[in-house]
Asker: 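Once you've had a glance at the structure underneath, I'll fire off some questions.
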There are 2 protein chains.
Amino acid sequence: MEAANSHLNGPGGEVLTAGPLEVRLDQRTVLADGRGLVLTVREFHLLAVLASRPERVVSREEIYDLVWGGKMPVHDRSVDVYVSKLRHKLEASIPHWSYIQTHIGFGYCFSPRSLAA
Amino acid sequence: MEAANSHLNGPGGEVLTAGPLEVRLDQRTVLADGRGLVLTVREFHLLAVLASRPERVVSREEIYDLVWGGKMPVHDRSVDVYVSKLRHKLEASIPHWSYIQTHIGFGYCFSPRSLAA
DNA sequence: TCCTGCTGTAAAAGAGTTGTGAACGACGCT
DNA sequence: AGCGTCGTTCACAACTCTTTTACAGCAGGA
């Protein structure tokens, strides 16, 4: 069972679905429980990178390369800061769901799960 | 009959399997009975080193060199401590299986076996 | 049996990592 | 210019991981 579904939605229009979250790559929009979620460019890009690799642990370095481009400077915290921002927006729109897991010393993993009892 | 299977799983994706244990080197994840097992960086590295040498007795010195890097300091107990931690996590996730055998005076050996009657 | 050396492991100590609010500059808009 | 937004950086608290230490239990040998 995969945690997120990805399917083509017409020519070039890909949509990632994970619980109440829907990421429309082509339209650069995100739906949370059907309502639109406003993300900045960086936030959206980060979410797209993570959500398209469900259940995969992605290193900070790889995330940085994919979103910011190039080699991550030592001691750079950009990835962490944006993961934090993203988590807050997701949690604000979709309570009782967790999306991004931290893998200490390595990176993050997009692993959607309901926190409902 | 080999104790652990190792096979390529697509380009660059290697997976070690030993009973209900699955070590996904590329994804840096471990599945125990299908469920994800959370390991720290050191624990994962140690497991990867041992599991990729099934039925081979590996000396402490070699383990240290492969996981910690460099020459093992005299009287260092790091390897023992981490083998202990790893055993506990494995046993907690996969009861009735034994994975790491001690070879007194020498080192350890990854030798998965079911303890079921 | 009494040493001695080795292993298992809990716990303390030390080192490193992550979450996050706040400050700051750049940019665009009115 | 004044304002709001965005991205980056910094600082600090809180937390997790790693290493070290200490001790108990074993096994083997004299």
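Only a predicted model underlies this, so the values are computations on that prediction, with no experimental measurement involved. Here is the naming used below: chain letters follow the sequence lines, and residue numbers restart at 1 for every chain.
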Asker: Would you compute the distance between atom NE2 of A:H103 and atom CG of B:L39 and round it to the nearest 0.5 angstrom?
Answerer: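 Separation between the atoms: 10.5 Å.
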Asker: What distance separates B:M72 CE from B:E61 CD, expressed to the nearest 0.5 Å?
Answerer: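 Rounded to the nearest 0.5 Å, the CE-CD separation comes to 4.0 Å.
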Asker: Could you tell me whether B:Q101 atom CD has more than 12 heavy atoms of other residues or ligands within 6.0 Å of it?
Answerer: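 Yes, the 6.0 Å shell around CD holds more than 12 heavy atoms from other groups.
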Asker: So does A:R87 reach the base of C:dG19 with its side chain, donor to acceptor, closer than 3.5 Å?
Answerer: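 Counting by modelled atom types and ignoring angles, no donor-acceptor contact under 3.5 Å is found here.
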Asker: Strictly below 4.0 Å: does A:W68 bring a side-chain N or O up to OP1 or OP2 of D:dT8?
Answerer: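 Yes, because at least one side-chain N or O of A:W68 sits under 4.0 Å from OP1 or OP2 of D:dT8.
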Asker: Closer to the 5' end of DNA chain D via nearest nucleotide, is it B:H75 or B:E43?
Answerer: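 Checking each residue's closest nucleotide, the 5'-ward one belongs to B:E43.
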Asker: Taking only the side-chain heavy atoms of B:D76 (C-beta and beyond), determine which of C:dT18, D:dG7, D:dT20 contains the nearest atom.
Answerer: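 Comparing C:dT18, D:dG7, D:dT20 against the side chain of B:D76, the answer is D:dT20.
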Asker: Among C:dT20, C:dT7, D:dG7, which nucleotide sits nearest the side chain of A:S84?
Answerer: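 So the nucleotide nearest the side chain must be C:dT20.
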Asker: Which nucleotide wins on minimum distance to the side chain of A:R42, given the candidates C:dT18, D:dT19, D:dG7?
Answerer: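 Of the options given, the side chain of A:R42 lies nearest D:dG7.
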Asker: Without hydrogens or angle criteria, can the side chains of A:E55 and A:S111 be said to hold a donor-acceptor pair below 3.5 Å?
Answerer: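 Short answer, yes.
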Asker: When we call it a touch if two heavy atoms are under 4.0 Å apart, what does B:V81 touch: a base, just sugar-phosphate, or nothing?
Answerer: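 Base contact - B:V81 has a heavy atom under 4.0 Å of at least one base atom.
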Asker: Check every atom of C:dT18, D:dT18, D:dT8 against the side chain of A:I104 and return the nucleotide holding the closest atom.
Answerer: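 Nearest to the side-chain atoms of A:I104, counting from C-beta on, is C:dT18.
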Asker: With the side chain of A:R77 defined as its heavy atoms from C-beta on, choose the nearest nucleotide among C:dT7, D:dT19, C:dG19.
Answerer: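 Closest nucleotide among those given: C:dG19.
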Asker: OP1 or OP2 of C:dT18 sitting under 4.0 Å from any side-chain N/O of A:R60?
Answerer: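 For C:dT18, OP1 or OP2 has a side-chain N or O of A:R60 closer than 4.0 Å.
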Asker: Take the protein atom OH of B:Y64 and the nucleotide atom C1' of D:dT18, then report the distance between them rounded to whole Å.
Answerer: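 Between C1' of D:dT18 and OH of B:Y64: 11 Å.
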Asker: Which residues pass the ring pair (Phe, Tyr, Trp, His ring centres under 6.0 Å) test with A:Y108, sequence neighbours left out?
Answerer: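 Partners of A:Y108 under the ring pair (Phe, Tyr, Trp, His ring centres under 6.0 Å) test: none.
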Asker: Of the nucleotides C:dT18, D:dG7, C:dG19, which one has an atom closest to the side chain of A:K85?
Answerer: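 Nearest to the side-chain atoms of A:K85, counting from C-beta on, is D:dG7.
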Asker: Roughly how many Å is it from OH in A:Y108 to P in C:dT17, rounded to a whole number?
Answerer: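 Taking OH of A:Y108 and P of C:dT17, I get 12 Å after rounding.
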Asker: Distance check needed: D:dT21 P versus B:D80 CG, whole Å only.
Answerer: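 Roughly 15 Å, once rounded to whole Å.
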